[in-house]
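A quick write-up on the structure given underneath.
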Amino acid sequence: MQPDPFNQAPRTHSFDNNQSRQQQAYEGNYHQPNSYGNNGNNPAQRPRPRPQHQGSVNHYPVSQVENTQSQNEAQSRNHNEDNERDYTMFPVYSKRAALQFKLSETRKSQGRNFSFDTIMIEGANRINPNDPKDKRYNWNDKLSVQVMLTELPIVIAVFLGIAPSCQFMNHGQNKDKGFNFERQNDGLFASVFHKGGSMAVKLDWPTTLNIGHFMLAQYTANFEGLGSDVILRNINRMCQDMNNCNSFPMKKNTRQ
């Protein structure tokens with residue numbers, strides 16, 4: 001009898017960030033649900049303040065002052081943008097390829113003016129993998145695959161240790177794209193692929209956890225009033241149910 005691959009999954013909620021909210025509700029101080037994306041707690045959606053620069057006053061002709069101020073503002077803006085942290089993605093690099101996990105939203109269907117928050121996975125090959133000094137990746141020829149809303153909780157389950165692996169195919173206009181993830185002894189194997197090849201990286205466990213939380217926050221933003229602890233517990237139950245009926249999309253052993 002094959003052992004249950006989900007036997008190490010947590011049976012209770014793994015995140016207890018809902019406790020303080022429940023305590024406030026009992027005390028009559030609860031006003032607004034504590035959900036990502038609505039109260040500004042999601043770092044990916046929190047506005048980042050830009051530092052203000054105050055220049056000295058000089059008595060120059062008006063045209064010269066305006067030109068100087070425009071140049072200073074442009075230089076200051078470029079400097080700030082170069083030094084700003086991008087909270088909307090997690091990049092992972094390997095010797096031959098790189099993957100980026102980015103915030104995304106589903107396409108608005110015809111006649112429906114709404115979309116859902118999800119994750120986009122982008123992959124690029126390294127331009128010269130045999131040169132250790134050349135760190136460039138060919139993002140001009142990147143492969144992009146969007147995780148569907150029904151796929152995202154399963155991907156989260158793999159990243160957070162509830163499920164051992166997953167694989168999804170038939171993405172893209174030609175149904176020739178896909179991705180898979182697999183928990184291995186030394187980290188998580190991640191790959192995006194299409195008809196012409198694949199791009200794969202190995203994530204260490206801290207990076208796997210961080211990206212799992214990143215995805216969980218984005219998924220939670222779709223459900224106002226629900227905390228990550230409730231959603232994670234529901235994901236765990238969903239994985240158990242899918243495994244019981246042999247419908248969980250495990251990663252296939254065949255090479256893509």
Inset, instruction - From the options T208, V158, I154, L203, select the one residue that forms a side-chain contact (heavy atoms from CB on, under 4.5 Å) with F181. - result: V158
Legend entry - Cluster link L209 to M215, ILVMFWY, side chain under 4.5 Å: yes
Inset, instruction - Identify the two heavy atoms, one from L226 and one from T220, that lie closest to each other, and give their separation to 0.1 Å. - result: O-CG2, 3.5 Å
Legend entry - Any pair counted as salt bridge (Lys or Arg N to Asp or Glu O under 4.0 Å), so long as it reaches residues 185-206, sequence neighbours left out: D186-K202
Legend entry - R183 side chain vs I162 backbone, donor-acceptor pair below 3.5 Å: no
Inset, instruction - Describe, in one word, how the ring planes of H171 and F179 are oriented to each other, choosing from parallel (under 30°), tilted (30 to 60°) and perpendicular (over 60°). - result: tilted
Legend entry - Spacing of L188 atom CG and T207 atom OG1 [to the nearest 0.5 Å]: 10.5 Å
Legend entry - Gap between atom CG of L152 and atom CG of L216 - 0.5 Å precision: 8.5 Å
Legend entry - Other ILVMFWY residues reachable from Y137 by side-chain steps of under 4.5 Å: Y93, W139
Legend entry - Distance (rounded to the nearest 0.5 Å) between F159 CZ and N210 CG: 11.0 Å
Inset, instruction - Could you state whether V147 and M242 fall into the same hydrophobic cluster, counting links through intermediate Ile, Leu, Val, Met, Phe, Trp or Tyr residues with side-chain heavy atoms under 4.5 angstrom apart? - result: yes
Legend entry - Non-hydrogen atoms of M199 and D141 that approach each other most closely: CE-O, 4.5 Å
Legend entry - Main-chain N/O of Q240 paired to N244 side chain as donor or acceptor, under 3.5 Å: yes
Legend entry - CE-CG distance between M169 and N180, expressed to the nearest 0.5 angstrom: 9.0 Å
Legend entry - N/O donor-acceptor pair under 3.5 Å between D241 side chain and M238 backbone: no
Residues 95-106, side-chain donor-acceptor partners within the protein, below 3.5 Å, at least two apart:
from : atom 1 : to   : atom 2 : distance (Å)
Q100 : NE2    : E122 : OE1    : 3.0
S104 : OG     : Q146 : NE2    : 2.8
T106 : OG1    : F116 : N      : 2.8

Legend entry - Contacts of type ring-ring contact (aromatic ring centres under 6.0 Å, His included), residue H194, not counting sequence neighbours: none
Legend entry - Closest heavy-atom pair and its distance - F168, P249: CZ-CG, 3.6 Å
Legend entry - Pairs where residues 227-247 contributes a residue and the test ring-ring contact (aromatic ring centres under 6.0 Å, His included) is met, not counting sequence neighbours: none
Inset, instruction - Measure the NZ-SG distance between K252 and C166 for me, rounded to the nearest 0.5 Å. - result: 11.0 Å
Legend entry - Spacing of CD1 belonging to I231 relative to CG belonging to N236, to within rounding of 0.5 Å: 14.0 Å
Legend entry - Trace of the side chain to side chain contact (heavy atoms under 4.5 Å, CB included) decision for V155 with I119: CA-CA 10 Å; V155 174; I119 297 294; over 6 Å; no
Inset, instruction - Identify whether F189 and V192 are in the same connected component of the hydrophobic contact network (ILVMFWY, side-chain heavy atoms under 4.5 Å). - result: no
Inset, instruction - Would you mind checking if D131 and K133 are paired as a salt bridge, meaning a charged N to carboxylate O distance below 4.0 Å? - result: no
Inset, instruction - List, by chain and then residue number, the residues other than I127 in its hydrophobic cluster (Ile/Leu/Val/Met/Phe/Trp/Tyr, side-chain heavy atoms under 4.5 Å); write none if there are no others. - result: none
Legend entry - Which atom of N125 lies closest to which atom of S198, heavy atoms considered: OD1-O, 4.3 Å
Inset, instruction - Report yes or no: do M250 and M148 belong to one cluster of Ile/Leu/Val/Met/Phe/Trp/Tyr joined by side chain heavy-atom distances under 4.5 Å? - result: no
Inset, instruction - Please report the closest heavy-atom contact between L149 and D117, naming both atoms and the distance. - result: CD1-O, 4.1 Å
Legend entry - In one Ile/Leu/Val/Met/Phe/Trp/Tyr side-chain cluster, 4.5 Å: M120, I156: no
Legend entry - Side-chain touch I211/V92, heavy atoms, less than 4.5 angstrom: yes
